[in-house]
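Just below is one structure, and these are the notes that go with it.
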Protein chains: 2
Amino acid sequence: MTSKALNNTIDSLNQFFPVFQQEQQHIIQQYFLDHARLVEIDKDINLFHQGDSCENYYFLLQGTVKVITASSQGREILLYRIKPGETCVLSTSCMINDRYYPAVGVTETPCKALSVPVPSLIKLLERSTIINQFFLHNFSLRVASLIDLICEVALERLDVRVARHLLQKMDNQHEVSITHDALALEIGTAREVISRQLRTFEKNGWIVTKRGKITLIQIDTLKQLSQGYFS
Amino acid sequence: MTSKALNNTIDSLNQFFPVFQQEQQHIIQQYFLDHARLVEIDKDINLFHQGDSCENYYFLLQGTVKVITASSQGREILLYRIKPGETCVLSTSCMINDRYYPAVGVTETPCKALSVPVPSLIKLLERSTIINQFFLHNFSLRVASLIDLICEVALERLDVRVARHLLQKMDNQHEVSITHDALALEIGTAREVISRQLRTFEKNGWIVTKRGKITLIQIDTLKQLSQGYFS
DNA sequence: CAGTTGAATGTGATATTGTCACTGAAGCAA
DNA sequence: TTGCTTCAGTGACAATATCACATTCAACTG
């Protein structure tokens, strides 16, 4: 990577390493100068497949990536999203254990990322505690979110989960732009199930649905439901 | 901790830090000398509750601990087991982010562990890359297992999951000593559901059930089922 | 040993969720 | 407009979950 290109992304690096200005600054800067490559990726591109091994490691600068896992039967569920300033814990996990990916990563929007080859990153891990701490933090947050997901999927009612999801995804016009199909994937169920759930919500007057769009009407009721206060 | 007590557990420490004999050996040994306390814990003791903050960190030497999370409705699911030579990623996660536990930890057998206060461990993390790498490995393995669990819970049929579980837990007499209730907790469903599933397995001649014990008869059939080859 | 007690398991009725095989509707492009 | 393609709706049925009990077994008590 050229020095100029690094300078262009040096601000972005700070979002990964807020402690960048310390003793190890030089090591890390030099590392990225030597090994990092700035890549741009279109929408709906597979970054990695189920069964791939991990060869390049991405530091996401722009866009979002969804990480999905699928069963043998074809049903899928969204494990988490990677946002700017984050990395993929799965990549980390695979890198450290030299395993295959147990999931698929797909860009949801056009993305920019810093890409570094895994072997060099492993060497860096042995030298810099800051990098280590960065990865620890990353893991730490994601473990918590994965456990939350397990609770939801294994123990919560579907209507509760749908309500939560809608509230989480609504914009400031109280709208969610998503197809039933996509919502089903995120929640880990089938489209028909979502369709029916939304229809009963609509019958209750809680939401209004259009093609590809859901408008939340009775936000408070949905909030109550999302916290399990309802039958 | 006295030097003698440390010597008693220094072999155990090696199972955590196989690279113990290197440059940082002195730092880590000294750390455990200064801060670690050997604790013995009875069976069925809660190490931490949902909502606790993390004050002591355990390195498990003997016994097993199950980590369970519960919904508001009271249903529970087993997230993972901690075995000797392991630590609790949840503790790590809570320690690093200064969060509350999203789950419960209960000893399944009498346990021995090294206990260290969290603040001191955080300081050690800033000095030793070996400790960092240890935690990274730990996280890394657990993330993979959590993702597997999500796949199972969200996407797999119940009979497949029960079959897998039985195969995993059987001893070399092809027996599993467990109550339906406990099995239900591990799989994240209700006892009645497990009872019915086992009964149909038994009708098919795949297993024989006694009170508190299940004997697997047609192992191959169960293996096929566990891999999803069956309807 | 019989009797009691508590844990473990069985069962039917019903509600929720998932699957399958379709039909219909809305938007887009030629 | 016509023909696509994507998105959504529907009924029938299967699988799983929940509830409210009844039953059985094993261990303990006296």
Side-chain angles (χ1 to χ4, degrees), chain A residues 43-44 70-77 150-166 175-204 207-215 225 228 230-231, chain B residues 43-44 70-77 150-166 175-204 207-215 225 228 230-231:
Chain A
K43 194 177 171 233
D44 292 325
S71 75
S72 42
Q73 327 294 328
R75 251 186 51 220
E76 303 177 313
I77 186 170
I150 291 173
C151 289
E152 286 238 343
V153 161
L155 309 173
E156 292 289 4
R157 298 168 48 96
L158 193 73
D159 51 0
V160 174
R161 287 166 57 205
V162 172
R164 258 181 220 168
H165 232 83
L166 291 177
E175 287 181 347
V176 183
S177 291
I178 195 171
T179 65
H180 297 185
D181 214 18
L183 199 52
L185 185 153
E186 294 200 4
I187 292 183
T189 180
R191 181 191 55 78
E192 304 92 307
V193 178
I194 294 292
S195 288
R196 280 184 198 128
Q197 200 65 64
L198 291 178
R199 193 150 28 85
T200 73
F201 282 9
E202 191 162 26
K203 272 183 196 160
N204 291 343
I207 63 171
V208 171
T209 65
K210 271 180 252 172
R211 187 188 176 85
K213 178 179 286 186
I214 300 154
T215 310
L225 175 57
F230 262 68
S231 67
Chain B
K43 195 177 169 236
D44 293 325
S71 75
S72 41
Q73 327 294 327
R75 253 192 42 224
E76 301 176 315
I77 185 169
I150 292 173
C151 289
E152 286 238 343
V153 160
L155 309 174
E156 291 289 4
R157 298 167 49 97
L158 192 72
D159 50 0
V160 173
R161 287 167 57 205
V162 172
R164 258 181 219 170
H165 233 83
L166 292 178
E175 289 181 346
V176 184
S177 290
I178 195 171
T179 65
H180 298 185
D181 214 18
L183 200 52
L185 185 153
E186 293 200 4
I187 292 183
T189 180
R191 180 191 55 77
E192 304 92 307
V193 178
I194 293 292
S195 287
R196 281 184 195 129
Q197 199 67 65
L198 290 178
R199 193 151 26 85
T200 72
F201 281 11
E202 192 162 26
K203 272 183 196 158
N204 291 343
I207 63 172
V208 171
T209 65
K210 273 180 250 171
R211 190 186 177 85
K213 178 178 288 185
I214 300 153
T215 310
L225 175 57
F230 261 67
S231 67

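Every chain is numbered from 1, with letters handed out A, B, ... down the list of sequences. The shown structure was predicted, so the numbers you read here are calculated from the model rather than taken from an experiment.
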(request) Hey, which sits more toward the 5' end of DNA chain D by its nearest nucleotide, A/Gly212 or B/Arg211? (result) A/Gly212

(message) In this structure, how many angstroms lie between the C1' atom of D/dA15 and the CG atom of B/Leu198, rounded?
(response) 16 Å

(request) Using a heavy-atom cut-off of under 4.0 Å over every strand shown, decide if B/Arg191 touches base, sugar-phosphate, or nothing. (result) base

(message) At 4.0 Å (heavy atoms only), tell me whether A/Thr209 reaches a base, stays on the sugar-phosphate, or touches nothing.
(response) nothing

(request) Take the protein atom CD1 of A/Ile194 and the nucleotide atom P of C/dT16, then report the distance between them rounded to whole Å. (result) 16 Å

(message) Could you tell me how far apart B/Leu183 (CG) and C/dA8 (C1') are, to the nearest whole angstrom?
(response) 13 Å

(message) At less than 3.5 Å, do the side-chain atoms of A/Arg196 and the base atoms of C/dT17 form a donor-acceptor pair?
(response) no

(message) Heavy atoms only, 4.0 Å cut-off, all strands: where does A/Arg199 land among base, sugar-phosphate and nothing?
(response) sugar-phosphate

(request) Answer whether the closest heavy-atom distance between the side chains of A/Ile214 and A/Val208 falls below 4.5 Å. (result) no

(request) Return no unless some side-chain N or O of B/Ser195 is found under 4.0 Å from OP1 or OP2 of C/dT9. (result) no

(request) Would you check if the side chain of B/Arg191 reaches a backbone N or O of B/Ala184 as a donor-acceptor pair within less than 3.5 Å? (result) no

(message) Looking at B/Arg157 and C/dG18, is any side-chain donor or acceptor paired with a base atom of the opposite kind under 3.5 Å?
(response) no

(message) Need one value for A/Gln197: base, sugar-phosphate or nothing, where a base atom within 4.0 Å counts as base even if backbone is also close, heavy atoms only.
(response) sugar-phosphate

(message) What is the distance, to the nearest angstrom, from the CZ atom on B/Arg161 to the C1' atom on D/dA15?
(response) 13 Å

(message) Between P on D/dT16 and CG on A/Leu155, what's the gap in Å once rounded to a whole number?
(response) 17 Å

(request) Figure out the CD1/C1' separation between B/Ile187 and D/dT16, and round it to whole Å. (result) 13 Å

(message) Does D/dT6 have OP1 or OP2 under 4.0 Å away from a side-chain N or O of A/His180?
(response) no

